[in-house]
Amino acid sequence: GAGVSQSPSNKVTEKGKDVELRCDPISGHTALYWYRQRLGQGLEFLIYFQGNSAPDKSGLPSDRFSAERTGESVSTLTIQRTQQEDSAVYLCASSPTRGGRGETQYFGPGTRLLVL
Amino acid sequence: AQKVTQAQTEISVVEKEDVTLDCVYETRDTTYYLFWYKQPPSGELVFLIRRNSFDEQNEISGRYSWNFQKSTSSFNFTITASQVVDSAVYFCALSEYQNTGNQFYFGTGTSLTVIP
């Protein structure tokens, strides 16, 4: 079956512009996660959704970042007024149930964001 | 302090050598999970193994083996008879519960190069 898909695969934007990153989880997966991976670094956990709700938004780096999910399916990560420090690969993952600690996460290919 | 520490940034081995990737974690949770993921050059993270905090049995899967020791808070990964296809970045991850919800931490990764 289809895995996690993300779009766009690459995004180049100018500083100050808003961007929207999209994630389509594996069909039927209840939990969805967003991570940021800066060049040569590990994954930084941003937020996860149980269904359409996010129990904890404290991982979002600033109030310029927001995420939403609808229909227990697609999720959008929005970055407003982008800064050069936002340049990174944004990874999405999904897992079958409610995002419990022990769940295996299945990752998408990521969106490479470059802010000029 | 880092929740997950992978002290080895880069490792190079010659094909057929054995190699161990180290992972040290920090948590106050009594129920937590540890993971290893592989990120090949193509970029998509691939799940390798999951361990819960109550199961300290070591596991072997083909050429891969994992050594979980709670006494030293370590979860090391060994590849036996390495192959060129093993070249990738390997991430160790910890999942625990905090009062704001489940949290997921990744190490900074170890880049493994297997030289033919």
Side-chain angles (χ1 to χ4, degrees), chain A residues 2-6 8-10 23-26 29-51 53-60 67 88-113, chain B residues 2-10 21-25 27-55 61 68 75 88-111:
Chain A
V4 177
S5 61
Q6 293 185 246
S9 54
N10 291 281
C23 173
D24 283 90
I26 293 173
H29 277 197
T30 303
L32 185 148
Y33 312 77
W34 283 100
Y35 294 86
R36 177 169 70 178
Q37 186 178 24
R38 289 195 166 117
L39 185 63
Q41 298 190 16
L43 278 69
E44 176 187 0
F45 171 62
L46 300 179
I47 191 170
Y48 83 101
F49 289 88
Q50 290 178 344
S53 63
D56 179 9
K57 299 182 180 180
S58 63
L60 294 174
V89 176
Y90 290 83
L91 291 165
C92 175
S94 69
S95 65
T97 57
R98 295 191 62 75
R101 280 163 281 176
E103 288 192 8
T104 298
Q105 298 177 23
Y106 298 86
F107 283 82
T111 292
R112 283 163 177 73
L113 175 65
Chain B
Q2 288 285 334
K3 298 288 282 186
V4 179
T5 301
Q6 295 180 254
Q8 304 148 308
T9 305
E10 297 181 358
L21 310 182
D22 297 333
C23 174
V24 174
Y25 63 92
T27 182
R28 293 182 180 179
D29 203 354
T30 54
T31 303
Y32 55 89
Y33 290 80
L34 297 163
F35 302 80
W36 276 95
Y37 286 86
K38 174 182 179 181
Q39 188 175 39
S42 61
E44 203 156 327
L45 275 89
V46 176
F47 164 78
L48 296 177
I49 191 172
R50 173 187 59 211
R51 255 296 171 263
N52 75 54
S53 51
F54 298 107
D55 182 2
S61 176
F68 176 28
F75 186 44
V89 180
Y90 291 85
F91 291 97
C92 180
L94 164 72
S95 177
E96 65 175 15
Y97 180 81
Q98 295 181 4
N99 54 14
T100 52
N102 291 323
Q103 300 292 324
F104 306 92
Y105 302 95
F106 280 71
T108 51
T110 297
S111 178

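In the text below, chain A, chain B and the rest are named by the order of the sequence lines, each starting its count at 1.
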Report which part of B/Q6 has an atom under 4.5 Å of a heavy atom belonging to chain A: side chain, backbone, both, or neither.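 Neither part; nothing is under 4.5 Å.
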Quick one: are the ring centres of B/F104 and A/Y35 less than 6.0 Å apart?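 When the ring centroids of B/F104 and A/Y35 are compared, they turn out to be at least 6.0 Å apart.
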ring-ring contact (aromatic ring centres under 6.0 Å, His included) involving B/Y105 - partner list, sequence neighbours excluded: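 Expected list: none.
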With sequence neighbours excluded, tell me which residues meet ring-ring contact (aromatic ring centres under 6.0 Å, His included) with A/Y90.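 Applying ring-ring contact (aromatic ring centres under 6.0 Å, His included) to A/Y90 gives none.
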Give the intermediate values and the outcome of side chain to side chain contact (heavy atoms under 4.5 Å, CB included) for residues B/L45 and A/Q105. CA-CA 9 Å; B/L45 275 89; A/Q105 298 177 23; over 6 Å; no
What's the separation between atom [atom1] in [X] and atom [atom2] in [Y], rounded to the nearest 0.5 Å?
X: B/Y33; Y: A/T104; atom1: OH; atom2: OG1; answer: 10.5 Å
X: B/E44; Y: A/Y106; atom1: CD; atom2: OH; answer: 13.0 Å
X: B/F106; Y: A/F45; atom1: CZ; atom2: CZ; answer: 10.0 Å

Can you say whether A/E44 sits under 4.5 Å from chain B via the side chain, the backbone, both, or neither, judging by heavy atoms?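 Contact with chain B is absent: no heavy atom of A/E44 under 4.5 Å.
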Within a 6.0 Å radius of atom NZ on A/K57, are there more than 12 heavy atoms belonging to other residues, nucleotides or ligands?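 No - once you tally the heavy atoms of other residues, nucleotides and ligands closer than 6.0 Å, there are 12 at most.
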